[in-house]
Undergrad: 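Got a structure for you, questions after.
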Amino acid sequence: MEGPAIQAAHAALEEALKQFPKESKGQCAFSAKALEVVIGQEAGWYFARVNRRVDRCPGFGPGVTGLETDWFELYAISPDGDITRYPYQP
């Protein structure tokens, strides 16, 4: 992966982590360990899908249901580095 793609993936990961409740900080299911980023590029823009992978955490952890295994966030990262969360309702 190229440097700008890594920076875009990291920015998307950081934004996704902000979506988790602050009281869940430190729990595996609400950490970067439980997330993966799929990144693509088009016309200078990066598009990132952050998938939740609670299967990487033993026992998934408190407050996590089976329905949340399909949780994801979508982001667009501009050539200038601005990041925007895609507004959707799963």
Undergrad: Does K18 have any side chain to side chain donor-acceptor pair (under 3.5 Å) partners at least two apart in sequence or in another chain, and if so, which?
TA: E15
Undergrad: Please report the shortest heavy-atom distance between A48 and A12, naming the atom on each side.
TA: CB-CB, 3.6 Å
Undergrad: Just how far is it from atom CD of Q19 to atom CZ of R85, taken to the nearest 0.5 Å?
TA: 4.5 Å
Undergrad: Can you list, by chain and residue number, the hydrophobic cluster partners of F47 when the side-chain cut-off is 4.5 Å?
TA: W45
Undergrad: Using atom types as modelled, flag every donor-acceptor pair under 3.5 Å from a side chain in residues 28-36 to any protein atom, sequence neighbours excluded.
TA:
unit_1	atom_1	unit_2	atom_2	d
S31	OG	C28	O	2.7
S31	OG	K33	N	3.3
E36	OE1	R53	NH1	3.2
E36	OE1	R56	NH2	3.4
E36	OE2	N51	ND2	3.2

Undergrad: Can you tell me how far CH2 of W71 sits from CZ of F20, rounded to the nearest 0.5 angstrom?
TA: 4.0 Å
Undergrad: Taking atom NE2 of H10 and atom CD1 of I39, what is their separation to the nearest 0.5 Å?
TA: 12.0 Å
Undergrad: Roughly how far, to the nearest 0.5 Å, is OH of Y75 from CD of E14?
TA: 10.5 Å
Undergrad: Does atom CD of E23 have more than 12 heavy-atom neighbours from other groups under 6.0 Å away?
TA: yes
